[in-house]
Engineer: 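Take this structure, written in structure tokens, and hold onto it; I'll ask about it next.
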Amino acid sequence: MGQALWRLPPRQQQQLQEELADRLADRGGGRREPGRDGGPQRRAPQHCYGPDIYHLLRTRRGGKEQHGFIDLEMLPPELGITILSYLNATDLCLAGCVWQDLGNDEYLWQGLCKSTWGHCSIYNRRLPAGFSYRRLYLQLDEGCLTFNANPQEGISYFMSKGILMDHPTELAKFIFYTRRLNWKMLRIYLDERRDVLDELVTLHNFSNQFLPNALRDFFRHIHAPEERGEYLETLITKFSHRFCTCNPALVRDLGLSPDAVYVLCYSLILLSIDLTSPHVKNKMSKREFIRNTRRAAHNVSDDFVGHLYDNIYLIGHVAA
């Protein structure tokens with residue numbers, strides 16, 4: 001979330017303005033002159049052309065009737081845009097009410113669009129004349145609200161506005177690079193669109209990741225269902241194949257296979273529930289977990305299974 005710079009406390013504003021003014025004086029070759037009280041006083045740097053920021057800050061420091069941040073329109077445009085780039089969409093709209101030219105700058109709204117929705121099909125197209133990233137941001141926000149109420153209508157809205165293409169890869173990238181979609185509605189949509197789910201799984205890179213950490217990362221993007229069923233089995237199956245594809249050396253050294261990873265994932269989920277649920281009084285011990293897991297996955301060593309237990313015990317649930 002961006003923070004409005006003009007909302008700083010007055011005392012902090014004055015301190016920042018004094019520091020900036022003193023630094024400008026040092027760089028501009030200003031020299032000290034005795035003040036009224038006999039103490040040293042900064043002299044403004046000479047040979048300044050255009051808006052003199054030194055005098056601008058000094059004026060605001062000396063005037064008792066003026067408070068708050070300086071007028072951004074009196075600064076160089078590049079500096080004003082840099083300051084406003086730290087704001088979120090709400091604060092930028094408010095800033096546009098004060099500084100219309102700066103607040104409606106396309107560069108700022110383009111950055112907000114791409115930082116919030118990392119991938120859209122429209123980004124890779126030639127933009128028509130009169131295109132506005134501010135309008136695109138509002139359309140993306142409206143589309144996400146629609147998706148969170150009805151996934152099919154939300155996707156249809158994006159396509160009607162030319163924001164997304166009706167292709168599994170494009171839809172998967174859009175879902176992968178945004179966090180504005182409700183995870184419950186997203187789960188319903190992915191359960192219906194298995195082609196999009198397949199593409200979404202391939203976007204994950206589990207190289208050199210420990211199995212429980214990779215599973216957490218997977219469920220962070222694709223939330224696990226609350227109950228065991230066909231959809232959960234599908235997710236774990238796809239994850240197991242993707243994990244083995246990303247870690248061929250680990251699979252070779254430890255003798256893992258997609259079926260073995262599938263069994264280990266279920267064991268990790270059950271262990272997570274056992275260790276984190278307050279309703280389970282007698283927690284599973286490390287020895288019990290190793291014994292139970294080795295019965296289903298014969299090729300996995302005791303040390304590896306023990307490390308799995310330690311990870312869940314120290315870090316927590318894999319699907320939280």
Side-chain angles (χ1 to χ4, degrees), residues 1 112-121 123-124 140-141 143-152 154-155 157-159 163-247 250 256 258 261-262 264-273 276 308 311-312 315-320:
M1 299 290 290
L112 281 175
C113 287
K114 293 189 176 181
S115 62
T116 308
W117 298 275
H119 178 83
C120 293
S121 303
Y123 293 160
N124 301 322
L140 285 167
D141 187 62
C144 287
L145 294 176
T146 306
F147 182 95
N148 295 338
N150 188 308
Q152 294 296 341
I155 296 299
Y157 176 87
F158 288 128
M159 294 179 182
I163 297 175
L164 291 178
M165 295 174 55
D166 189 9
H167 191 278
T169 303
E170 291 295 311
L171 297 175
K173 289 182 178 180
F174 174 77
I175 294 172
F176 186 79
Y177 290 108
T178 185
R179 297 293 179 270
R180 300 292 296 273
L181 304 179
N182 181 271
W183 65 270
K184 292 184 178 180
M185 293 300 174
L186 183 59
R187 186 177 63 193
I188 296 174
Y189 179 75
L190 294 177
D191 193 15
E192 297 176 354
R193 291 291 303 269
R194 297 298 176 91
D195 54 342
V196 178
L197 178 60
D198 292 338
E199 295 294 334
L200 186 59
V201 172
T202 59
L203 293 176
H204 289 81
N205 183 11
F206 302 123
S207 300
N208 300 321
Q209 289 192 33
F210 194 36
L211 180 59
N213 297 333
L215 193 58
R216 288 190 187 91
D217 184 48
F218 179 73
F219 284 138
R220 192 175 295 115
H221 288 87
I222 307 175
H223 288 267
E226 299 175 355
E227 298 179 357
R228 180 176 177 178
E230 187 269 338
Y231 181 62
L232 178 60
E233 295 179 359
T234 300
L235 291 181
I236 297 179
T237 300
K238 294 181 182 299
F239 168 81
S240 302
H241 285 83
R242 182 60 181 170
F243 182 82
C244 293
T245 301
C246 295
N247 297 279
L250 182 65
L256 295 177
V261 175
Y262 179 90
L264 293 176
C265 289
Y266 260 112
S267 298
L268 291 172
I269 293 175
L270 295 177
L271 177 63
S272 299
I273 297 174
T276 59
L308 297 178
N311 183 280
I312 303 300
I315 300 179
H317 207 302
V318 293

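Here the structure is a predicted model, which means the values were calculated and not measured.
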Engineer: Take L171 and D166 through the side chain to side chain contact (heavy atoms under 4.5 Å, CB included) test and state the conclusion after the steps.
Structural biologist: CA-CA 7 Å; L171 297 175; D166 189 9; 4.2 Å; yes

Engineer: Can any side-chain N or O of S121 pair as donor or acceptor with the backbone N or O of M165 at less than 3.5 Å?
Structural biologist: yes

Engineer: May I ask you to decide if the ring planes of W183 and H223 are parallel, tilted or perpendicular, using 30° and 60° as cut-offs?
Structural biologist: tilted

Engineer: Using the rule given for side chain to side chain contact (heavy atoms under 4.5 Å, CB included), can you reason through H221 versus R179, listing the C-alpha separation, both sets of side-chain angles and the distance that settles it, and then say yes or no?
Structural biologist: CA-CA 9 Å; H221 288 87; R179 297 293 179 270; 2.6 Å; yes

Engineer: Taking C265 as the fixed residue, which of L235, I236, L232 is the one that meets the side chain to side chain contact (heavy atoms under 4.5 Å, CB included) rule?
Structural biologist: I236

Engineer: Name the one of E170, K173, K114 that satisfies side-chain hydrogen bond (donor to acceptor under 3.5 Å, both in side chains) with H119?
Structural biologist: E170

Engineer: Any donor-acceptor pair under 3.5 Å linking the side chain of T116 with the backbone of C113?
Structural biologist: no

Engineer: Hey, are the side chains of F174 and V196 touching, using non-hydrogen atoms and a 4.5 Å cut-off?
Structural biologist: no

Engineer: Does the side chain to side chain contact (heavy atoms under 4.5 Å, CB included) test come out yes or no for N150 and T146, once each step is laid out?
Structural biologist: CA-CA 6 Å; N150 188 308; T146 306; 5.6 Å; no

Engineer: Taking G316's backbone N and O only, do any of them form a donor-acceptor pair with R216's side chain (distance below 3.5 Å, no angle check)?
Structural biologist: yes

Engineer: Given side chains that start at C-beta, do those of W117 and Y123 come closer than 4.5 Å, heavy atoms only?
Structural biologist: yes

Engineer: Would you check if the distance from the ring center of F218 to the ring center of F243 is below 6.0 Å?
Structural biologist: no

Engineer: Could you walk me through whether L308 and L271 pass the side chain to side chain contact (heavy atoms under 4.5 Å, CB included) test, one step at a time?
Structural biologist: CA-CA 10 Å; L308 297 178; L271 177 63; over 6 Å; no

Engineer: How about T234 and E230: does a side-chain donor come under 3.5 Å of a side-chain acceptor?
Structural biologist: yes

Engineer: Residues two or more places apart in sequence or in another chain: which of them pass ring pair (Phe, Tyr, Trp, His ring centres under 6.0 Å) with Y262?
Structural biologist: Y266

Engineer: By the definition side chain to side chain contact (heavy atoms under 4.5 Å, CB included), identify the one residue from N182, I175, L186 that meets it with F147.
Structural biologist: L186

Engineer: Less than 4.5 Å apart, side chain to side chain, heavy atoms only: is that true for L140 and T178?
Structural biologist: no

Engineer: Which side-chain N or O atoms in residues 204-212 pair as donor and acceptor under 3.5 Å with protein atoms at least two apart or in another chain?
Structural biologist:
residue: H204; atom: ND1; partner: L200; partner atom: O; Å: 3.0
residue: N205; atom: OD1; partner: S207; partner atom: N; Å: 3.2
residue: N205; atom: OD1; partner: S207; partner atom: OG; Å: 2.7
residue: S207; atom: OG; partner: C246; partner atom: O; Å: 3.2
residue: Q209; atom: NE2; partner: N205; partner atom: O; Å: 3.2

Engineer: Under the 3.5 angstrom rule, does the side chain of N148 hit a backbone N or O of C144 as a donor-acceptor pair?
Structural biologist: yes

Engineer: Can you check whether I315 reaches N213 side chain to side chain, under 4.5 Å on heavy atoms?
Structural biologist: yes

